[in-house]
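Worksheet: the structure to be examined is printed underneath.
FYI, side chains are in, hydrogens and waters are out, and symmetry mates aren't considered; it's all heavy atoms of this structure. When a ligand or atom number is given, it counts from 1 through the structure's own listing order.
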Amino acid sequence: MPSSVTVRVPAKVNVQLAVGGRRADGFHGLASVFFAVGLYDEVTVSPADRLTVTVEGADAAHVPADSSNLAARAALLLGARHGVAADVHIHIDKGIPVAGGMAGGSADAAAALVGCDALWGTGSSPAELAGLAAELGSDVPFSLLGGVALGEGRGELLTPVPVGGTFHWVFAVADGGLSTPSVYGECDRLRDLAGGSAEADVPVPAADQALLEALRTGDAGALGAALSNDLQAAALSLRPGLAETLRAGADAGAIGTLVSGSGPTCAFLAKDAATARAIAAALRSSTVCRTAHVAEGPVPGAALMR
Ligand code: ATP
């Protein structure tokens with residue numbers, strides 16, 4: 001058994017997030033185009049007397065260090081499937097904003113699956129890991145896969161999307177997070193005010209063909225124009241200040257702006273790397289966000305480092 005295994009795993013932004021009506025089971029059908037960006041968590045697993053979790057990074061205080069941590073749940077699930085006691089220490093070096101709409105917890109769960117599988121020599125196939133990932137959460141399968149993919153169902157039924165180039169992003173990190181369930185709840189409330197939030201009241205979510213074409217051809221201008229997020233109105237309703245953040249990024253030269261997933265992180269597409277750096281610098285020197293990061297994509301999913 002190796003003495004430790006480290007896995008690097010990227011954040012995601014949804015370049016399209018089409019949300020259907022609330023289903024009888026309380027979930028929403030989705031057409032979600034996930035895009036993995038080069039903003040990473042590193043998860044290291046090593047043998048221990050019992051399951052423990054430690055977290056480092058700017059947002060570490062907001063991440064649970066017990067068995068409710070998604071990485072710990074992933075280790076327990078993989079261990080249970082293979083009859084292995086999940087006696088591991090999991091250390092998370094967090095670069096992904098917490099509760100920021102960038103799937104940080106899901107990323108750590110995917111990384112823990114890959115890491116523990118290597119540490120224990122359980123030799124799971126990609127399909128087996130994907131099955132466990134879907135049990136852990138709707139965004140976890142994409143964190144394994146990376147690249148760009150269309151997610152249907154609750155987001156876990158993935159089809160890879162071809163991409164013809166590298167895109168340059170800026171992410172404005174807010175003070176404090178937004179809870180994903182509360183943003184869906186606000187989306188339903190706004191829809192009820194406008195006529196209904198049930199499945200029959202809302203168009204069936206579908207991938208935007210213009211957006212897929214922009215990805216295929218690597219056309220940043222067309223992608224910027226096609227970005228869309230059905231949760232954005234709800235995130236802005238809960239955090240009205242985000243409108244100013246979006247405006248500041250556009251004023252600084254972004255060719256596309258949107259709230260990332262359930263927010264409150266705001267995503268800005270730039271025409272090239274130099275413009276991305278300039279947008280990030282402008283945002284950092286403003287008061288509309290806590291900090292801003294530059295990231296390229298698409299990048300691969302959870303991958304062993306050593
Ligand atoms: P998504 O984009 O998938 O909706 P998010 O990026 O908005 O998620 P996360 O960073 O995954 O949100 O965190 C949501 C909550 O999950 C946190 O507030 C935290 O309490 C809990 N959590 C559990 N495990 C983790 C983890 N490993 N990293 C971050 N948060 C975790």
Short N or O distance, [X] and ligand 1, threshold 3.5 Å exclusive:
X    : result
A99  : yes
A71  : no
D139 : yes

Going by the order shown, which atoms of ligand 1 are within less than 4.0 Å of some heavy atom of [X]?
X    : answer
K12  : 2 (O)
G100 : 5 (P), 6 (O), 7 (O)
L70  : 23 (C), 24 (N)
D108 : 26 (C), 27 (N), 28 (N)
V98  : 10 (O)

Below a 4.0 angstrom heavy-atom separation, can you tell me which part of N69, side chain or backbone, both or neither, approaches ligand 1?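 Answer for N69: both.
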Going by an N to O cut-off under 4.0 Å, is there a salt bridge joining [X] and [Y]?
X    : Y    : answer
R290 : D175 : yes
D41  : R8   : no
E186 : R191 : no
D87  : R50  : no
R247 : E244 : no

F34 and F142 aromatic ring geometry - parallel, tilted or perpendicular at 30°/60° bounds: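 It falls in the parallel class, under 30°.
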Under 4.0 Å and counting heavy atoms only, is there anything from the protein next to atom 15 (C) of ligand 1?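 There is no protein heavy atom less than 4.0 Å from atom 15 (C) of ligand 1.
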Would you check, one step at a time, whether the test salt bridge (Lys or Arg N to Asp or Glu O under 4.0 Å) holds for D188 with R22? CA-CA 7 Å; D188 289 340; R22 194 181 51 251; 3.1 Å; yes
From the options A103, P64, G105, select the one whose nearest heavy atom is closest to atom 19 (C) of ligand 1.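 Among A103, P64, G105, the closest heavy atom to atom 19 (C) of ligand 1 comes from P64.
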